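Please read all numbers here as calculations on a predicted model, not as lab measurements. Nothing fancy with the numbering, it's 1 onward along the sequence. Scope of the values below: all heavy atoms of this structure, side chains included, with no hydrogens, waters or symmetry mates.
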Amino acid sequence: MTDFDTWPGGVDAEFADVLVSRPDIARLAGVKRPAVSNWERRHGDFPPPVGSGGEVERFRADEVLAWLSGRAVPGNALRPGEPVGTTYGDRFRAGLPGGTAGGLLRTVERLAGPEADRLRGPMPLDRYLLWLLHLVLNQIVKPEDGLAKAVDVFRRMVRNFDPPEETAPRHLFTELADTLDRTSAGSAQEGRAAFDHVLVLWRAAYAREGGAFLTPPSVSRVMAGALAAVRSGEVRVHDPYGRTGELLVAYLDAVAAHGDRVLPQVSGRVPEPLERQVAELNLRVHHHGRAVQLGEGSFTPALDPFADPPGAFDVLLTNPPFGRRLEDVAPPPYWRYGAAHRTEFDWLQYAVSRLAPEGRAAVLMPAGAAFNAGAAETVRAGLVEAGAVECVVALPAGLFTLTAVKTQIWFLRALGSREATDPEVLFVAAEHLGHHVTRTQRSLSDDDIERLVGEYVSWHTARAAGRSFAGTPGLSRAVPVSDIADQDHSLDPARYVPAPGQASAAGAAGPAEARDRLARLSEEITALHARADTADTEAARWLRRYGL
């Protein structure tokens with residue numbers, strides 16, 4: 001092998017013959033030298049040194065590149081011109097002699113951003129981005145990848161969405177294709193990043209009509225990382241409202257990070273054919289060669305209550321539509337805890353009913369589901385008393401691109417599981433975590449994600465070993481079900497986890513706290529009304545699809 005400082009140039013297939021020192025890694029990744037030592041100390045999968053030049057330990061550049069490619073640069077540490085989603089691996093590769101990065105990704109960012117309006121003219125943005133997604137696939141998918149047939153199916157589907165001639169600027173598709181043909185991905189990671197960039201923008205443009213918002217990547221990683229840590233290996237994984245497959249991709253990523261050799265069986269359902277095709281491609285681009293079964297389903301299970309067999313899945317994770325009232329729906333058999341007058345409580349009961357023994361679920365919920373009264377309280381109380389609720393994580397506001405609604409992750413367990421016989425609920429109050437990536441949007445950092453996954457896994461490990469869980473002051477606390485019943489079965493983490501410096505938790509609410517709670521409730525109601533409007537539009541879209 002050759003030391004980085006003496007490497008004569010020329011790009012090796014994976015930089016396998018290049019050795020780098022810790023100062024090299026820091027300089028190329030754009031971090032301070034102690035950060036590299038911190039990575040080594042905190043992460044057991046950091047590449048080990050393989051050789052030395054004198055007394056200096058060296059590392060294989062290809063192994064370091066692969067590890068850094070999985071770590072995104074926080075929004076507040078991005079350099080000018082670096083887009084959200086840039087990884088330390090992108091920087092590292094670009095800095096290596098002969099290394100290239102950003103060619104395809106930067107071109108795609110330009111075509112999907114500053115130049116999009118000029119290029120598309122009167123063409124609807126979602127149609128333009130759909131074509132761009134198809135052309136990016138042509139750039140990153142090779143015949144030997146086994147995806148050529150899937151891309152061809154997608155191409156035919158995209159053509160079905162061809163706009164009328166008067167709305168498609170002449171030579172648009174030729175110009176896009178010619179521009180992309182002059183660029184290439186410097187790595188498979190960059191190709192996937194270019195695909196993901198267009199996918200997120202397309203889903204946002206497409207969702208404006210229906211309100212089915214893409215799950216933020218950092219939220220996907222928390223949901224998937226937590227479940228993969230406690231239920232990995234040969235398990236049946238399902239997302240009954242798969243959107244673009246982002247949660248299933250995140251789960252497979254988490255399983256791969258654990259080094260599991262036995263892969264899960266993956267399935268899901270999405271609302272319509274176009275989304276199903278996009279979800280399949282998303283899964284194959286990130287995990288090509290995986291057999292994935294995706295079908296089509298309703299926006300709420302009560303309208304199609306037998307789509308998935310009861311007790312069939314070891315892991316279920318989903319970001320379902322919520323905020324819509326259910327009217328004139330025949331009670332399905334899984335409504336064991338009361339009539340679900342709102343879609344979110346339909347999804348919660350459905351998720352529990354579809355879990356196999358010892359199965360686990362993660363469901364993204366509106367924050368109001370944790371404390372709404374009436375029928376919502378009845379369903380919530382039934383789930384809590386049955387031991388079906390494991391953990392509630394309150395997330396920061398501003399994580400979604402198109403809505404300000406506050407959300408929580410509810411972790412659920414199968415009824416009759418061992419832990420359900422002596423239930424307690426872990427509350428994680430994470431509203432203060434995250435950082436701004438734009439003026440209005442926030443994201444969870446890698447460290448935030450580690451903390452949230454770590455709280456759930458540590459609590460789960462303690463429970464399995466019969467130990468109590470102390471929690472983390474200001475972040476988490478495990479609460480017996482009897483204490484939750486005293487709080488009218490509220491599952492709002494803010495009620496149980498004292499903020500730093502606060503003397504007590506539940507039951508000590510003063511006038512200031514009551515006013516703050518009412519303000520949060522008012523904000524939540526406003527956001528849910530907006531969500532209901534978009535859900536109504538989605539229902540209308542479904543009705544139009546069936547000619548109603």
Side-chain angles (χ1 to χ4, degrees), residues 219 222-223 225-227 229-230 348 360-372 377 380-381 383-397 399 406-413 417-434 444 447-510 512-514 516-517 520-521 524:
V219 177
V222 173
M223 296 171 69
L227 292 184
V230 301
L348 287 169
R360 295 295 186 274
V363 184
L364 197 63
M365 284 280 107
F371 52 79
N372 286 342
E377 183 179 339
R380 190 172 61 243
L383 289 168
V384 170
E385 293 292 340
V389 181
E390 274 199 326
C391 172
V392 178
V393 179
L395 297 170
L399 294 176
K406 293 183 178 179
T407 55
Q408 299 173 346
I409 303 171
W410 288 36
F411 290 95
L412 310 171
R413 62 166 74 91
S417 60
R418 293 188 301 272
E419 293 86 349
T421 58
D422 181 25
E424 66 179 17
V425 177
L426 174 67
F427 292 99
V428 182
E431 297 98 325
H432 61 289
L433 299 184
L444 298 170
D447 287 341
D448 293 334
I449 294 168
E450 272 189 38
R451 289 184 70 186
L452 296 181
V453 171
E455 292 296 316
Y456 175 77
V457 173
S458 297
W459 171 80
H460 196 277
T461 301
R463 291 276 292 169
R467 304 191 308 269
S468 62
F469 179 71
T472 300
L475 181 63
S476 69
R477 180 175 172 233
V479 179
V481 164
S482 57
D483 291 354
I484 297 171
D486 292 340
Q487 300 296 321
D488 298 323
H489 294 97
S490 170
L491 294 179
D492 184 6
R495 177 169 289 201
Y496 302 98
V497 181
Q502 186 175 325
S504 61
E513 183 179 347
D516 179 66
R517 183 169 177 78
R520 288 190 290 114
L521 181 58
E524 186 66 32

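Of all heavy-atom pairs spanning Ala367 and Phe371, the tightest one is O-CE2, 3.5 Å. The nearest pair of heavy atoms linking Ala478 to Glu424 is CB-OE2, 3.6 Å. In plain terms, the two heavy atoms of Asp492 and Ala370 that are nearest each other are N-CB, 3.7 Å. Arg413 approaches Pro423 most closely through the heavy-atom pair NH1-CB, 4.4 Å. Shortest non-hydrogen contact noted between Ser468 and Ala462 is O-CB, 4.2 Å.
A 4.5 Å side-chain heavy-atom check between Val230 and Thr461 finds every atom pair outside the cut-off. Between Cys391 and Val425 the shortest side-chain heavy-atom distance does not fall below 4.5 Å. A 4.5 Å side-chain heavy-atom check between Glu385 and His489 finds at least one atom pair inside the cut-off. For the pair Leu475 and His432, the minimum side-chain heavy-atom distance is below 4.5 Å. In this structure, Val392 and Ile409 have side chains that are not in contact, with every pair of non-hydrogen atoms separated by 4.5 Å or more. Between Arg360 and Leu412 the shortest side-chain heavy-atom distance does not fall below 4.5 Å. Proximity of Val479 to Phe427: side-chain heavy atoms (C-beta onward) are separated by under 4.5 Å at one or more points. Between Val497 and Val428 the shortest side-chain heavy-atom distance does not fall below 4.5 Å.
Between the side chain of Arg477 and the main chain of Leu426, no donor-acceptor pair closer than 3.5 Å is present. Within the 3.5 Å criterion, the main-chain N or O of Gly434 finds a donor-acceptor partner in the side chain of Asp448. The main-chain N or O of Ala430 is never found under 3.5 Å from a side-chain atom of Arg451 such that the two would form a donor-acceptor pair.
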Go through the steps for Leu227 and Phe411 under the test side chain to side chain contact (heavy atoms under 4.5 Å, CB included), then give the verdict.
-> CA-CA 9 Å; Leu227 292 184; Phe411 290 95; 4.0 Å; yes

When you look at Ile484 and Ser490, which way does the side chain to side chain contact (heavy atoms under 4.5 Å, CB included) test go after all the steps?
-> CA-CA 7 Å; Ile484 297 171; Ser490 170; over 6 Å; no

Residue pair Leu395, Leu364: steps toward the side chain to side chain contact (heavy atoms under 4.5 Å, CB included) verdict | CA-CA 10 Å; Leu395 297 170; Leu364 197 63; 3.9 Å; yes

Kindly indicate, with the supporting measurements, whether the criterion side chain to side chain contact (heavy atoms under 4.5 Å, CB included) is fulfilled by Gln408 and Val393.
-> CA-CA 5 Å; Gln408 299 173 346; Val393 179; over 6 Å; no

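Looking only at atom types and distance, the side chain of Glu390 has no donor-acceptor partner in the side chain of Trp459 under 3.5 Å away.
For Glu377, the salt bridge (Lys or Arg N to Asp or Glu O under 4.0 Å) criterion is met by no residue, not counting sequence neighbours. Residues that satisfy the side-chain hydrogen bond (donor to acceptor under 3.5 Å, both in side chains) test with Thr472, not counting sequence neighbours, are Glu455.
In this structure, CG on Leu433 lies 10.5 Å from CG on Asp447, to the nearest 0.5 angstrom. The OG atom of Ser482 sits 11.0 Å away from atom CD of Gln487, with the distance rounded to the nearest 0.5 Å. Separation of atoms CE (Met365) and CZ (Arg380) is listed at 12.0 Å; rounding is to 0.5 Å. The structure places OG of Ser476 at 4.5 Å from CZ of Phe469, a figure rounded to the nearest 0.5 Å.
Listed by first then second residue, pairs satisfying salt bridge (Lys or Arg N to Asp or Glu O under 4.0 Å) with a partner in residues 479-488 number zero, not counting sequence neighbours.
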